[in-house]
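One structure is given here, and the rest of the page talks about it.
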Amino acid sequence: MRKVAIVGYPNVGKSSLVNRLSGSRTAVVHERPGVTRDRNEVACEWNGRQFVLIDTGGVDFTDEDPLAGSIREQAQAALNDADVAVLVVDARAGLRPGDEELADLLRRWPKPTVVAANKIDSVRDVPLSHEFHSLGLGEPVAVSAAQGLGTGDLLDEMVAALPEEDEDPGDEDVVRLAVIGRPNVGKSSLVNRIAGQERVIVSEVAGTTRDAIDLPIEIDGQKVVIVDTAGMRRQSKVSESVEYYTALRSQRAAERADVALVVCDAQDGVTSQDLRIAELAMKANCATALVMNKWDVAEEADIDHERARVAQKLRLRPKVLTVSAKTGRNVQRVITEALGLG
């Protein structure tokens with residue numbers, strides 16, 4: 001399926017626009033900049049044409065934070081994978097150096113680019129979009145992610161720029177695999193190890209993943225969609241609205257998955273919160289396994305004790321597996337077991 005990369009400076013409304021265009025609430029939206037970090041693929045349809053929107057984190061070339069560097073790499077990877085780019089700018093804020101830097105990159109990009117001048121919330125604001133002619137990427141499309149103004153025009157431009165599909169792959173048997181668990185237990189590292197590439201951002205800072213990221217891959221001829229999710233904390237600790245919505249998306253990821261891998265930190269053992277998360281997945285009728293990650297450094301962990309505890313606490317007695325996302329130890333076994341459950 002053809003893909004459209006949605007790129008732009010931080011806090012210009014990319015995720016809000018993705019939600020508006022796709023008619024969903026898949027992307028996490030918050031007034032704080034930097035909430036989107038990984039690239040997130042969202043299905044979209046317009047006038048009978050199906051395609052995928054790739055929501056990306058805000059790109060700031062002047063930010064020296066290592067996380068900002070990872071966000072830039074993910075945005076570049078989205079462009080490498082896309083057929084069309086949409087550069088989202090904040091029409092109310094006016095033209096900024098960050099917009100010009102991204103436009104310079106996209107002028108050298110060999111595929112079509114559409115400029116979306118966002119935050120045009122009424123017809124009288126449309127003239128604000130004219131300033132972005134200077135980016136040299138064609139006629140800006142005045143849109144409002146909040147009000148929906150101009151989104152049909154933007155979708156028309158995007159679909160017109162998309163190349164024709166090579167062929168219709170038809171309905172295929174796909175296993176949806178949700179990777180869920182507490183913050184900072186190594187979920188994204190495990191996803192990257194399974195995928196064989198740095199597909200999602202990994203950081204020692206807990207809470208780096210905010211969206212539930214769908215990653216389509218193929219394993220031994222089997223189509224698989226891996227869903228990397230935000231860390232799920234106990235409800236009493238979810239003090240910020242961002243954490244509330246990311247936990248909600250993690251729960252929904254389990255509900256729409258065939259298999260859930262509940263990733264635990266082997267150094268901590270299976271905690272009460274791990275058991276709660278596993279129970280949540282099983283209540284969603286999702287085949288579930290607990291995966292003890294960081295097994296390479298958990299020298300004193302007793303796997304038999306952990307398995308006995310899980311069997312005692314959880315009525316359905318899910319499997320307990322060991323893995324090291326860092327070294328790759330037992331990753332293939334976890335994949336085999338997960339596909340067997342699906």
Side-chain angles (χ1 to χ4, degrees), residues 38 175-209 212-220 222 224-233 250 253-254 257-282 286-311 313-314 316-342:
D38 295 290
V175 175
R176 294 190 63 84
L177 175 62
V179 180
I180 61 179
R182 294 180 293 118
N184 222 28
V185 293
K187 297 182 298 298
S188 295
S189 296
L190 183 58
V191 167
N192 286 339
R193 177 65 71 170
I194 293 172
Q197 58 175 303
E198 292 297 313
R199 180 56 179 82
V200 289
I201 296 172
V202 175
S203 171
E204 293 180 358
V205 179
T208 299
T209 302
I213 309 299
D214 283 20
L215 169 58
I217 63 172
E218 187 170 315
I219 301 172
D220 297 331
Q222 171 67 60
V224 178
V225 174
I226 304 177
V227 185
D228 180 32
T229 60
M232 299 174 67
R233 302 188 185 198
S250 297
D258 301 300
V259 180
L261 295 181
V262 180
V263 183
C264 316
D265 188 331
Q267 297 173 100
D268 300 333
V270 178
T271 68
S272 297
Q273 177 67 349
D274 296 330
L275 293 169
R276 274 190 287 269
I277 293 169
E279 195 167 32
L280 177 151
M282 289 185 289
C286 183
T288 304
L290 284 84
V291 179
M292 306 288 291
N293 189 30
K294 307 182 186 180
W295 199 250
D296 53 308
V297 293
E299 297 176 357
E300 298 181 8
D302 184 344
I303 187 61
D304 292 330
H305 170 75
E306 301 300 339
R307 284 173 174 153
R309 183 163 186 265
V310 169
K313 296 289 186 180
L314 298 176
L316 296 179
R317 299 187 176 184
K319 288 188 175 182
V320 179
L321 308 172
T322 61
V323 74
S324 169
K326 182 177 181 181
T327 67
R329 177 183 172 186
N330 289 347
V331 169
Q332 188 58 50
R333 182 191 168 200
V334 167
I335 295 170
T336 301
E337 293 277 3
L339 295 182
L341 291 170

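Since this is a predicted model, take the numbers as computed values, not measurements.
Nearest heavy-atom pair, Q267 versus A298, reported as atom, atom and distance to 0.1 Å: N-CB, 4.0 Å. Listed here is the closest heavy atom pair of L314 and A278: CD1-CB, 3.9 Å. Closest approach of A260 and C286 over heavy atoms only: N-SG, 3.3 Å.
In this structure, CZ on R193 lies 10.5 Å from CG on N293, to the nearest 0.5 angstrom. Annotation: the span from I219 atom CD1 to I226 atom CD1 amounts to 5.5 Å, rounded to 0.5 Å. In this structure, the separation between CD on E279 and CD1 on I277 is 11.5 Å, given to the nearest 0.5 Å. To the nearest 0.5 Å, the span separating SG on C264 from CD on Q273 amounts to 10.5 Å. Rounded to the nearest 0.5 Å, atoms CG (L261) and OG1 (T288) are 9.0 Å apart.
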Exercise for review: Test L321 against E337 for side chain to side chain contact (heavy atoms under 4.5 Å, CB included), laying out the working first.
Suggested key: CA-CA 9 Å; L321 308 172; E337 293 277 3; 3.9 Å; yes

Point to revise | From CA spacing to verdict: side chain to side chain contact (heavy atoms under 4.5 Å, CB included), D258, L177 | key: CA-CA 6 Å; D258 301 300; L177 175 62; over 6 Å; no

Point to revise | side-chain hydrogen bond (donor to acceptor under 3.5 Å, both in side chains) assessment of D274 paired with T271 | key: CA-CA 5 Å; D274 296 330; T271 68; 3.0 Å; yes

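By the 4.5 Å heavy-atom criterion applied to side chains, Q222 and V224 are counted as neighbours. Side-chain contact check for V310 versus P318: some heavy-atom pair is nearer than 4.5 Å. Side-chain atoms of D220 and Q332, non-hydrogen and from C-beta on, do get closer than 4.5 Å to each other.
A donor-acceptor pair is defined here as one N or O able to donate and one able to accept, closer than 3.5 Å; no such pair exists between the side chain of S189 and the backbone of K187. Counting only distance, with no hydrogens or angles, the side chain of D302 and the backbone of H305 share a donor-acceptor pair below 3.5 Å.
A salt bridge links K294 to D265: at least one charged side-chain nitrogen sits closer than 4.0 Å to a carboxylate oxygen.
Applying the side-chain hydrogen bond (donor to acceptor under 3.5 Å, both in side chains) test to S324 and every residue at least two apart in sequence or in another chain returns D296, T327. K313 meets the salt bridge (charged side-chain N to carboxylate O under 4.0 Å, His left out) test with no other residue; sequence neighbours excluded.
The residue from V270, V262, V323 that alone fulfils the side-chain contact (heavy atoms from CB on, under 4.5 Å) condition with M292 is V270.
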